[in-house]
Chemist: 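Can you keep this structure in mind? I'll have questions shortly.
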Protein chains: 2
Amino acid sequence: MQDEGADDDVFRALADPARRQLLDRLHAQDGQTLGALCAGLAMTRQAVSKHLAILEAANLVATLRDGRRKLHFLNPMPIQSIADRWIGKYRRGAVRALADLKRNLEGEGR
Amino acid sequence: MQDEGADDDVFRALADPARRQLLDRLHAQDGQTLGALCAGLAMTRQAVSKHLAILEAANLVATLRDGRRKLHFLNPMPIQSIADRWIGKYRRGAVRALADLKRNLEGEGR
DNA sequence: TGATTAGGCAACTTTTTGGTTGCATATTAG
DNA sequence: CTAATATGCAACCAAAAAGTTGCCTAATCA
């Protein structure tokens, strides 16, 4: 009851280095066009376009049409949601980890 | 200079729902065997074994041999590292986002 | 208007990934 | 020792993902 589908798109989107790089670029300068985001990437424009579509579907990037151009904006909200909901859980458990390890090693009935 | 290869394994490992589920199971009870982790999952033992291997390669799971059994322990450290190093960056940028959006929309020389 | 610029769509190829089956190995119980 | 248990290894398969090429459409500039 914690990963019922919505977060999955975000995790998947973040899995690819090229897409993380695109997010980094938008973080450095927001509102770039597709062409600007392509510059210097060893990839065709269409490949970048697909990556951006995936990021957009995951709600990590919002777009805005301006004439013949399409501006791309970073939306860090889903990342924060994951950090709060999902990573927080493991952080809380982190302190217990070593204790658990010891307890399990000792108490294992073999 | 932030994603130079090590974090990539972690991102990739977290991309699959089945692997996140395995982490959740270890979070609920640490030190389980492969067989125990398989129980109730609509997957063969070998499939689970592969997932665990990926998690282990990403350093998210540590294993310990105990006779013919293999115990699996959750290691939340890489998750925390990512949260601190990578997600933190976007969180810092979040406040600026709307301001950036407005600025870009107005100042765009077309 | 004609040429150029920015981007979209769709088919296709290649790689990667998730999963399976079958067999092998090692430890433990009787 | 023999049987059962717990896991490992390797080949194979299918589906998804990443990337390409080719063509099309819509704005803008000269």
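Quick note on labels: first sequence line is chain A, next is B, and so on, each numbered from 1.
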Chemist: Record whether the side chain of B:Arg68 comes under 3.5 Å of the base of D:dT5 through a donor-acceptor pair of N or O atoms.
Modeler: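 Such a pair exists between side chain and base.
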Chemist: Tell me the interatomic distance from A:Asp9, atom CG, to D:dA16, atom P, rounded to whole angstroms.
Modeler: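 Roughly 15 Å, once rounded to whole Å.
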Chemist: In whole Å, what is the span from the CZ atom of A:Arg65 to the C1' atom of D:dT28?
Modeler: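 Between C1' of D:dT28 and CZ of A:Arg65: 13 Å.
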Chemist: In whole Å, I'd like the distance from the CG atom of A:Leu14 to the C1' atom of D:dA17.
Modeler: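 Value for this atom pair: 16 Å.
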Chemist: Please list, chain by chain and in numerical order, all residues satisfying side-chain contact (heavy atoms from CB on, under 4.5 Å) with A:Arg25, sequence neighbours excluded.
Modeler: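 Once residues adjacent in sequence are excluded, the partners of A:Arg25 under the side-chain contact (heavy atoms from CB on, under 4.5 Å) criterion are A:Gln32, A:Leu37, A:Leu41.
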Chemist: Identify the residue among B:Asp8, B:Asp16, B:Asp9 that makes a side-chain hydrogen bond (donor to acceptor under 3.5 Å, both in side chains) with B:Arg12.
Modeler: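 When B:Asp8, B:Asp16, B:Asp9 are each tested with B:Arg12, the side-chain hydrogen bond (donor to acceptor under 3.5 Å, both in side chains) holds only for B:Asp8.
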Chemist: Show the nearest heavy-atom pair for residues B:Phe11 and A:Leu14, with the distance to one decimal.
Modeler: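 Minimum heavy-atom contact is CD2-O, 3.7 Å.
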Chemist: Tell me, please, which residues at least two apart from B:Ala47 pass side-chain contact (heavy atoms from CB on, under 4.5 Å).
Modeler: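 In terms of side-chain contact (heavy atoms from CB on, under 4.5 Å), with neighbours along the sequence ignored, B:Ala47 is linked to B:Met43, B:Thr44.
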Chemist: Between atom CD in A:Gln32 and atom C1' in C:dA6, what is the gap in whole Å?
Modeler: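 Taking atom C1' of C:dA6 as the reference, CD of A:Gln32 is at 15 Å.
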Chemist: Any side-chain heavy-atom pair from B:Gln80 and B:Ile82 closer than 4.5 angstrom?
Modeler: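 The answer is no, as the side chains (C-beta and beyond) never meet within the 4.5 Å cut-off.
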Chemist: Are any protein N/O atoms closer than 3.5 Å to N/O atoms in nucleotides 19-22 of chain D? If there are, list each pair with its distance.
Modeler:
residue, atom, partner, partner atom, Å
D:dG19, OP2, A:His51, NE2, 2.5
D:dG19, N7, A:Lys50, NZ, 3.0
D:dG19, O6, A:Lys50, NZ, 2.5
D:dT20, OP2, A:Thr44, N, 3.0
D:dT20, OP2, A:Thr44, OG1, 2.7
D:dG22, O6, A:Gln46, NE2, 3.3

Chemist: Can you pull the side chain to side chain donor-acceptor pair (under 3.5 Å) pairs that have at least one residue in residues 45-58 of chain A, sequence neighbours excluded?
Modeler: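 Matches after skipping sequence neighbours: A:Arg19-A:His51, A:Glu56-A:Thr63.
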Chemist: Where each residue is assigned the nucleotide of DNA chain D containing its nearest heavy atom, which of B:Ser49 and A:Gly67 is assigned the position nearer the 5′ end?
Modeler: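 With B:Ser49 and A:Gly67 compared, the 5'-side residue is B:Ser49.
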Chemist: Identify whether A:Leu34 and A:Leu55 are in the same connected component of the hydrophobic contact network (ILVMFWY, side-chain heavy atoms under 4.5 Å).
Modeler: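 Yes: a chain of side-chain contacts under 4.5 Å links A:Leu34 to A:Leu55.
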Chemist: I'd like to check the salt bridge (Lys or Arg N to Asp or Glu O under 4.0 Å) partners of A:Asp84; sequence neighbours left out, ordered by chain and number.
Modeler: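 Residues passing salt bridge (Lys or Arg N to Asp or Glu O under 4.0 Å) with A:Asp84: B:Arg91.
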Chemist: CG of A:Leu34 versus C1' of D:dT25: gap in Å, rounded?
Modeler: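 Computing the A:Leu34:CG to D:dT25:C1' distance gives 15 Å.
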Chemist: So how far off straight is the helix from C:dT1-D:dA30 to C:dG30-D:dC1, going by the axes through five pairs at either end, to 10°?
Modeler: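 One end axis against the other gives 20°.
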Chemist: Could you check how far NZ of A:Lys70 sits from P of D:dA27, rounded to whole Å?
Modeler: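 Checked: the NZ to P distance equals 14 Å.
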Chemist: Would you check if the side chain of A:Tyr90 reaches a backbone N or O of B:Asp24 as a donor-acceptor pair within less than 3.5 Å?
Modeler: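 Flag set: sc A:Tyr90 to bb B:Asp24 pair under 3.5 Å.
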Chemist: Looking at C:dG18, I'd like to know if its phosphate oxygens (OP1 or OP2) sit under 4.0 Å from a side-chain N or O belonging to B:Arg19.
Modeler: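 So the side chain of B:Arg19 is within the cut-off, an N or O lying under 4.0 Å from OP1 or OP2 of C:dG18.
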Chemist: For B:Leu52 and D:dT7, what is the distance between atoms CG and P respectively, to the nearest whole Å?
Modeler: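 Result: 10 Å.
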Chemist: What is the separation between atom CD on B:Gln21 and atom C1' on C:dG18, rounded to the nearest whole Å?
Modeler: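 Result: 15 Å.
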Chemist: Is B:Arg12 near enough to C:dT17 that one of its side-chain N or O atoms lies under 4.0 angstrom from OP1 or OP2?
Modeler: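 Answer yes for this pair, as a side-chain N or O of B:Arg12 is under 4.0 Å from OP1 or OP2.
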